[in-house]
Peer 1: 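Got a structure for you, questions after.
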Amino acid sequence: MNDAPWKTRKVVIVGAGAVGSTFAYALGQSGLADEIALLDPNRDLAMGQVLDLAHGQAFFPAVQIRVAETSDYADAQLIVITAGSKQRPDESRLDLLQRNIKIIDGIIDEIVRQKSSAVVLMASNPVDILTYAASKRAGWPRGRIIGSGTVLDSARFRYLLSRHCGVDVHNVHAYILGEHGDSEFASWSMTNIAGQPIQQFCSLCHTCDDAEAARSRIADEVIHSAYHIIEFKGATSFGIGLALTSIAAAILRNQHGVLTVSTVLEGEFGIEGVSLGVPCIVSQNGVERVLPVTLPPDELRSLVNSATILKQGIAQLELDAASVAEVSKP
Ligand SMILES: NC(=O)c1ccc[n+]([C@@H]2O[C@H](COP(=O)([O-])OP(=O)(O)OC[C@H]3O[C@@H](n4cnc5c(N)ncnc54)[C@H](O)[C@@H]3O)[C@@H](O)[C@H]2O)c1
C-alpha cells in the first residue's frame, strides 16, 4: 500500500473577470485540478462566478470550486494571475503597464508572505514585462514564475496555417516567438506540417498561387488577432482560457511539454535581463529549461528586437520606481 500523503492539486486563480472565469471553466472541464479557488477584490463577482461554475459540477470531473482567501496561496500547486486592467480598443499591451504593475506587485508580495511553494503563471498584460517584474520582486529561481508568453499566439498561428493548408491543426507544428505583442514574429524555421518543413511543404503543395505572400498574410493576422477580437467583443477569453489550461496541464501533470511560455533569459540566444516567449520545457517546477534551438539570423534579429522593446518597458518601470522612492524620501 502507498502511504504517501494525498496531495491535492490546488489551483488559485487571481482575478475572476473574463480571463480568470473562462480559465476556471476550461480547467474544471479538464479534470486537471482537485480544487479551484477564485480570488478577486470584487467578492460578489468571485462568488457569482463560483456559484455559476459549481452548478455545473454534475457535468464536470470531480473538483471543488470555491472563493479563495490569500491564505490559499500557501499550499497551492499553481497560482494563475489574471488580475488587472485589460486593453481598450486601440491600446497596446505596453500601454497597460502603468495600470497593472501596482496590482501585480501587491499580489506577488502576498504570495511571498504566505511562503507559497507554487508555480506562478502570469496572464495579465503586458505579460512579458509583468513576468520579469514579478520574478525579480519574488527573488525565486527564474523557472517558478512564468508568463503565458506566446502560447496563445502560437495556437492562433497553427489554426490559421491549418485552415489555409487544409491540414488538421494537430498536424501543424508552429511557433510564434518573442514579445506577446506587436513585435512578436513567426518562427518559419521551426514550422512544419506533419514533419515536413514548411518551405518543402509549400514547394510540393500547389493550392495557393503565392505561398510567400500567404505566409506573410498569416503571420500578420496572428499579430493583429487580439485587436480584432477586442474590437468585436471587448475582450479575449476563450483562447487564453484554453492556452492557460494547456500550460496548467504541463505543470500539474509534470508533462515536460514544449511551450512558448515567457521566461527570464539568462544568456540564451545572447539575451538576458528580460522575459519573453521562447520554446521551453515546462514541468511541475515551471520552466525546467529553455529548449536549445538554432534560429536563422533574421529570426534571431526579430527576437533581439522584441527583447530591446521589452527592455525599454522595464527601464521605464525602474525609472518610475526610482522617482516614487525619491518623492517619498523624508
Ligand atoms: N496573456 C494573454 O494572452 C492574455 C489574453 C487575454 C487577456 N489578457 C490579460 O488578462 C488580464 C485580465 O483580463 P480580463 O479580460 O479578465 O479583465 P477583467 O476586467 O474582466 O478582469 C480583471 C479582474 O481582475 C480583478 N482584480 C483587480 N485587482 C485585483 C487584485 N489585486 N487581485 C485580484 N484580482 C484583481 C478585477 O476585479 C477584475 O475582476 C488583462 O491584463 C488582459 O490584458 C492576457
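Each ligand, and each atom within it, is numbered from 1 in the order the structure gives.
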Peer 1: Please give me the minimum heavy-atom distance between His180 and Asp128, naming the atom from each residue.
Peer 2: N-OD2, 2.7 Å

Peer 1: With the threshold set at under 4.0 angstrom, would you say Gly106 reaches ligand 1 through any of its heavy atoms?
Peer 2: no

Peer 1: I want to know if ligand 1 touches Asp40 in the polar sense, i.e. an N/O pair below 3.5 angstrom.
Peer 2: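 N/O-N/O distance below 3.5 Å exists for this pair.
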
Peer 1: Looking at ligand 1, does any of its N/O atoms fall within less than 3.5 Å of an N/O of Leu152?
Peer 2: no

Peer 1: In terms of atom number and element, which parts of ligand 1 are under 4.0 angstrom from non-hydrogen atoms of Thr236?
Peer 2: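 The atoms of ligand 1 under 4.0 Å from a heavy atom of Thr236 are 5 (C), 6 (C).
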
Peer 1: By number and element, which atoms of ligand 1 are closer than 4.0 Å to a non-hydrogen atom of Ile103?
Peer 2: 28 (N), 29 (C), 30 (C), 31 (N)

Peer 1: Under 3.5 Å, is there a donor-acceptor pair between the side chain of Asn100 and the main chain of Pro126?
Peer 2: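 Not at all, since once roles are kept as given, no pair shorter than 3.5 Å links the two residues.
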
Peer 1: Spell out, as yes or no, whether a donor-acceptor pair under 3.5 Å connects the side chain of Ser306 to the backbone of Gly178.
Peer 2: no

Peer 1: Side chain, backbone, both or neither: which applies to Ala83 and ligand 1 if a contact is any heavy-atom pair less than 4.0 Å apart?
Peer 2: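 Near ligand 1, Ala83 shows its backbone as well as its side chain.
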
Peer 1: State whether the side chain of Arg158 and the backbone N or O of Val169 hold a donor-acceptor pair below 3.5 Å, judged by distance alone.
Peer 2: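 Pair found, side chain donor or acceptor close to backbone of Val169.
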
Peer 1: Using a strict 4.0 Å cut-off to heavy atoms of Leu45, name the atoms of ligand 1 that fall inside it.
Peer 2: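 Selected atoms, number and element: 39 (O).
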
Peer 1: Nearest to atom 21 (O) of ligand 1, what protein heavy atom do you find, and at what distance?
Peer 2: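 Answer, as residue, atom name and distance: Gly17 CA, 3.3 Å.
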
Peer 1: As a check for students: among Pro126, Ala235, Ser148, Ser124, identify the option with a heavy atom nearest to atom 1 (N) of ligand 1.
Peer 2: Ser148

Peer 1: Could you go through Phe157 and Trp188, starting from their C-alpha distance and side-chain angles, then the distance that decides it, and tell me whether this counts as ring-ring contact (aromatic ring centres under 6.0 Å, His included)?
Peer 2: CA-CA 11 Å; Phe157 186 34; Trp188 291 109; 5.1 Å; yes

Peer 1: Could you list which atoms of ligand 1 come closer than 4.0 Å to a heavy atom of Val14?
Peer 2: 32 (N), 33 (C)

Peer 1: Which one holds for Thr82 and ligand 1: side chain close, backbone close, both close, or neither close, with close meaning a heavy atom under 4.0 Å?
Peer 2: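 Near ligand 1, Thr82 shows its backbone, while the atoms from C-beta on stay back.
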
Peer 1: So is there a nitrogen or oxygen of Ala123 less than 3.5 Å from a nitrogen or oxygen in ligand 1?
Peer 2: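 Yes, Ala123 has an N/O under 3.5 Å of an N/O on ligand 1.
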
Peer 1: Under 3.5 Å between some N or O of ligand 1 and some N or O of Asn125?
Peer 2: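 N/O-N/O distance below 3.5 Å exists for this pair.
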
Peer 1: Going by atom types alone, do Glu35 and Thr8 pair a side-chain donor with an acceptor below 3.5 Å?
Peer 2: no

Peer 1: Would you check whether Ser85 has a nitrogen or oxygen atom less than 3.5 angstrom from a nitrogen or oxygen atom of ligand 1?
Peer 2: yes

Peer 1: How far apart are the C-alpha atoms of Glu69 and Arg43, what are their side-chain angles, what is the distance that settles it, and do they pass the salt bridge (charged side-chain N to carboxylate O under 4.0 Å, His left out) test?
Peer 2: CA-CA 10 Å; Glu69 306 297 333; Arg43 300 276 298 179; 3.2 Å; yes

Peer 1: Quick one: does Tyr73's side chain get under 4.5 Å of Val112's, heavy atoms only?
Peer 2: no

Peer 1: Counting only heavy atoms not in Glu221 (residues, nucleotides, ligands), do more than 12 fall under 6.0 Å from its CD?
Peer 2: no

Peer 1: Looking only at N/O atoms, are Ala18 and ligand 1 under 3.5 Å apart anywhere?
Peer 2: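 Between Ala18 and ligand 1, an N or O pair is found under 3.5 Å apart.
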
